[in-house]
Every structure is written in C-alpha cells, then in structure tokens.
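Letters go in sequence order (proteins before strands), and every chain restarts at 1. Just so it is clear, the structure is predicted and the values come from calculations on it, not from any experiment.
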Amino acid sequence: MLITSQRKYKLSDKVILHKVGDEGVLLKLDTQEYYALNASGLLMIDKLIHSDSLEQAFDSLIDSYDSPPGEIHNDLENLMDDLIQQGIIEQY
Amino acid sequence: MELFFVEELQNKNYQLENPLILPPSVLARHVKGWLLNQHLTITQYESDRGYWLEIPDAGSFWISPGGESINLFRKSSSSELKKQNEALLGPPLVLALSLQGIWCLHASAVEVNGNLVAFLGKSGDGKSTLADFLAQQPGVKLASDDILPIMLLNGSLFASPQFPQLKLPASIQPAQYLPPKLPLSKIYLLKEAPTIATDSLSDSETALTLISHTVAARLFNELLLSKHFEFCSQVSRQVRVQTFAYPRVYSQLPNVVEELLADISKKVV
C-alpha cells in the first residue's frame, strides 16, 4: 500500500485511548479488551487520528523520526492493518 | 467519601430489606466467578433504577444507580444468612463502591509510617503470606489481606484499610486499628524468582496491571468501564507499579522482608 492516500481515520466509537506518560492504553468497550501502546505506537496512532489524511500522518511521522521513510512506511502500514483488523480505528 | 462496616450498612447509608420497589429488570450479563467457595454464575440486571445481582445460594442484591444503597432480601435460615453476608462483601459491595469511584484491588497491604504499601499478584503468589510476615516487623501493620479499596482524593491516591477482610477473624481486622483511609505510596507486583530483584513497570504496564487486578470488573457496564479506565490511567501517571521478584521459600522470608522493607523505606518517608 502506497501512503499517498487522502483517507482519514478515527478511533472507533467503542474505543477509548488514554495517554500515560509517553505511552498509551486503548480500551475496546464492547469486548473489554485492553491494548498497550509503546511510545512509537502512541505517536503513530496519534498522528493517524489527528491528521487530515493518511498522507499527512505519514509526512508528519517522517519529520518525527530519523528512520528511513521506507521503514516508517512499513511500521505504519503494519500498525494500521492491526488496528483496522482489531476494530480500533476506522476510515471515515 | 466514607466506607462503612457491614454492621453500619444497616443503619447508615445502606438500606436493607425493601421488597416493595420495582427492581431493575433488563438482563445485562452473566458473570462466572469464584464466590462462596465455589464456581458460580452471577446474573446481572440493569436499568436507570440501578443494578440487580442474583447470586446463587445468597439471594438477590439491588444496588442503587450511584452505589449509595444496597437492598437485599434477608434469608431465613442461619446457613443461608451466612452465605448472604459473605456474598454481600463480594460483588454487591465492590460494585456499589465502584459506582462511587472507589475501586477495589485484589491486593494485600501493610501500613508503614502512615502510608500504605500494596501487593498485587496472582492467587498463590504469596500476597497474604508476605503481608502477614511484614506485619510482624516493628512499625508495620497489616492493612489488607485480600481486598483493598483505592480512590483519588484531590488528585492524590488513597486506600482504605477498612474493607472487611473475609479470611481474617474479627479481632484482627485492620479496621480495628487503622483509619478509614491513608495515602497509598507504593504498589508492588509480586513474582516468583530464584533471587530477589525489583524493577519498574512502564506507565502503560502499570495501568494494565491495575486494571487486571481490579475486583469484579466484569460486572462493569460501558460507563463504569470507561470511568475505571480513566482512573487507572490517572493513577499510572502518579504511581508506577514496581515488580518484586523473590524466592517463595519460607526459610528465605526474613531476607525477603529485610530487602522489601529497605526498598519501601526508599520511598515511604
């Protein structure tokens, strides 16, 4: 998947995210499942749900990390696949 | 916010034996758990009139929407009454407290220099044994054997040593000698290991540890779940759970207690 998309993402309605220190914890209310996010995961999901597009989120992450864009691309893609599959984020 | 002894429930905020009011009737969930020395299934109903818990062998408990009152229907025989009293101190009281923003940890605890120190762990991880042994040391008192209510007051974390501890005889209940609430300054997660070692959980691990050691969380509806989640997140920002790994060998207990007290004294002034 090339990250040139104007798609927007948000947390699903039944999901709550709390920041704790530089990490995060997610709760899926309907299943009572909790997920821990390390600092990188929190930053990625934060950019994802607060950017106007997926492309903007990706660009913002490139600015935040020293890692090569290809690596950030893969990490973001993997995280997004997980989050969508788990019903944590959704496109709108 | 105050906690009440069971004896006080009958004549203070908690009203008992009121069978004339229509109870909540919308089935919310069935929750399996260990209660009254057996595996059983609690049936929970909810509505804007509160929460209704049906506990096999113990009867029905009606908790008001804000947790200020518990109505129950008294059993007639003494054996049934004993089970009812025991059950009252389980899910009904824990749920009522949760509705008031007081969350119960499955934890033992001790009081040291006016602060409480809590011990979390799986069943059989030695929470009670360790707390009991610590409480035999000078200046240390047992504050909880099994259930520890915790709360945030003006942004600071407190715990109550006055929750009735079912496994302790009345004469040594911590409520006899400790005040209604004290600052909770340290929380340890116990683990078994060949040698003694302490470590610190991350913020997110701390939040998840508090969540997973909360009593009766499976009874929470979405509103209560979100409040509990917010509470655990807030606590994890001010108290970080420490792991305490130690050999679970009785002969090693004196060394373990010495190391633990040294670690506690680093933080508890």
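Taking NE2 of B:His228 as the start and CD of A:Gln32 as the end, the distance is 10.0 Å to the nearest 0.5 Å. To the nearest 0.5 angstrom, A:Leu29 atom CG is 9.5 Å from B:Leu223 atom CG. Rounded to the nearest 0.5 angstrom, A:Tyr34 OH and B:Ser204 OG are separated by 14.0 Å. The structure places CZ of B:Phe229 at 6.5 Å from CG of A:Leu26, a figure rounded to the nearest 0.5 Å.
Looking at A:Leu42, neither its backbone nor its side chain comes within 4.5 Å of chain B, counting heavy atoms on both sides. Heavy atoms closer than 4.5 Å to chain A are found in both the backbone and the side chain of B:Ser202. Of the two parts of A:Asn38, neither the backbone nor the side chain holds a non-hydrogen atom closer than 4.5 Å to a non-hydrogen atom of chain B. Both the backbone and the side chain of B:Leu225 come within less than 4.5 Å of a heavy atom in chain A. Both the backbone and the side chain of B:Glu230 come within less than 4.5 Å of a heavy atom of chain A.
The two atoms that bring B:Asp203 and A:Asp22 nearest to each other are OD2-N, 4.2 Å, heavy atoms only.
Crowding of A:Gln85 atom CD: a count of heavy atoms from other residues, nucleotides or ligands under 6.0 Å not exceeding 12. When the shell of 6.0 Å around NZ of A:Lys28 is examined, it contains more than 12 heavy atoms from other residues, nucleotides or ligands.
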Practice prompt. Could you give me the CA-CA distance, side-chain angles and deciding distance for A:Val20 and B:Gln234, then say whether side chain to side chain contact (heavy atoms under 4.5 Å, CB included) is met?
Written response: CA-CA 8 Å; A:Val20 286; B:Gln234 272 186 271; over 6 Å; no
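Ranked by non-hydrogen atom pairs under 4.5 Å with chain B, the options A:Lys14, A:Lys19, A:His18 are led by A:His18.
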